[in-house]
Amino acid sequence: MSERRVNETAPDQPKVVLGVGGGIAAYKACELLRRLSESGHDVRVVPTASALHFVGEATWSALSGHPASHEVWETVHEVPHVRIGQAADLVVVAPATADLLAKAAHGLADDLLTNTLLTARCPVVFAPAMHTEMWEHPATQENVATLRRRGAVVIEPAVGRLTGVDTGKGRLPEPGEIFDVCHRVLARAAAAGRRDDLSGLHVVVSAGGTREPLDPVRFLGNRSSGKQGYALARTAVARGARVTLVAANTAVRARA
Ligand SMILES: Cc1cc2nc3c(=O)[nH]c(=O)nc-3n(C[C@H](O)[C@H](O)[C@H](O)COP(=O)(O)O)c2cc1C
């Protein structure tokens with residue numbers, strides 16, 4: 001049966017953690033989640049307690065196919081405060097509130113999202129959203145500068161309608177724009193991760209079993225399938241080598 005369970009993850013699916021802060025724009029993260037999931041990413045949502053005032057746990061769980069806890073004290077045997085961050089290929093926080101930016105900049109870890117931000121070794125994208133005064137405050141600006149200096153991508157907020165009647169800089173960029181940034185950051189990380197350490201080398205690999213003639217009709221052979229030789233050749237190509245594969249007596253079919 002080929003039916004796939006909702007939260008079953010294909011091994012090559014990029015794992016994205018979507019952190020959601022307690023801002024009025026939290027509802028827009030649903031659209032970001034949908035775009036990430038539909039484009040083949042395995043998305044785990046980690047909302048903060050404040051975020052759940054805006055969009056509930058049921059929405060995040062149903063849309064992502066994963067539990068969406070905000071605290072470190074659930075499923076403790078799975079050590080989620082460490083594992084979620086360690087396993088991630090990308091963490092994106094949208095909306096990133098002033099409070100979350102401050103916690104991230106100072107390394108605080110009082111809930112699941114802030115723990116995840118400390119354990120992640122993958123690229124991190126922040127999409128801030130807040131009132132103009134909060135965004136322009138020197139504390140927030142210093143926190144943003146700190147995060148950028150450490151390598152995080154902090155997207156500039158958009159200008160437009162904010163909570164209530166206010167207008168100005170601090171609006172969450174559109175989900176499509178955040179998605180494009182995530183896509184670019186993931187692609188860049190994947191390209192950087194590709195190893196080219198055999199570049200410039202010519203590697204000769206022999207694959208398949210040998211046959212020693214005993215007489216014109218009989219030979220002494222072995223059960224070599226050739227699979228290992230083909231695998232070595234493919235790996236050498238992937239690592240940048242020029243490869244000559246010498247294959248004999250194998251049932252493995254050559255692929256480019
Ligand atoms: C209706 C409402 C809207 C809010 N919107 C924002 C916002 O857009 N950005 C922000 O930084 N804080 C906003 N806040 C304040 C945050 O919710 C508050 O600072 C909270 O502690 C942030 O929690 P977090 O760290 O989980 O994001 C809002 C609060 C309320 C009540």
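Keep in mind that the numbers below use all heavy atoms, side chains included, and drop hydrogens, waters and symmetry copies. As the structure lists them, so they are numbered: ligands from 1, and atoms in each ligand from 1.
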How far apart are the C-alpha atoms of V205 and V203, what are their side-chain angles, what is the distance that settles it, and do they pass the side-chain contact (heavy atoms from CB on, under 4.5 Å) test?
CA-CA 6 Å; V205 181; V203 176; 3.8 Å; yes
Please test D111 against T114 for side-chain hydrogen bond (donor to acceptor under 3.5 Å, both in side chains), starting from the C-alpha separation and ending with a verdict. CA-CA 6 Å; D111 66 1; T114 44; 2.5 Å; yes
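Looking at residues two or more places apart in sequence or on another chain, you find a ring-ring contact (aromatic ring centres under 6.0 Å, His included) between F179 and H183.
With values rounded to the nearest 0.5 angstrom, E142 atom CD is found 12.0 Å from L147 atom CG. To the nearest 0.5 Å, the span separating CE on M130 from CH2 on W135 amounts to 6.0 Å.
Test D89, V91, L186, L33 against V16 for side chain to side chain contact (heavy atoms under 4.5 Å, CB included) and you get one pass: L186.
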Close N/O pairs between ligand 1 and protein, under 3.5 Å:
unit_1   : atom_1 : unit_2 : atom_2 : d
ligand 1 : 5 (N)  : I24    : N      : 3.4
ligand 1 : 8 (O)  : A129   : O      : 3.4
ligand 1 : 9 (N)  : A129   : O      : 2.8
ligand 1 : 11 (O) : A98    : N      : 2.8
ligand 1 : 17 (O) : G22    : O      : 2.6
ligand 1 : 23 (O) : S50    : OG     : 3.2
ligand 1 : 25 (O) : D99    : OD2    : 2.5
ligand 1 : 26 (O) : T48    : OG1    : 2.5
ligand 1 : 27 (O) : G22    : N      : 2.8
ligand 1 : 27 (O) : T97    : OG1    : 2.6

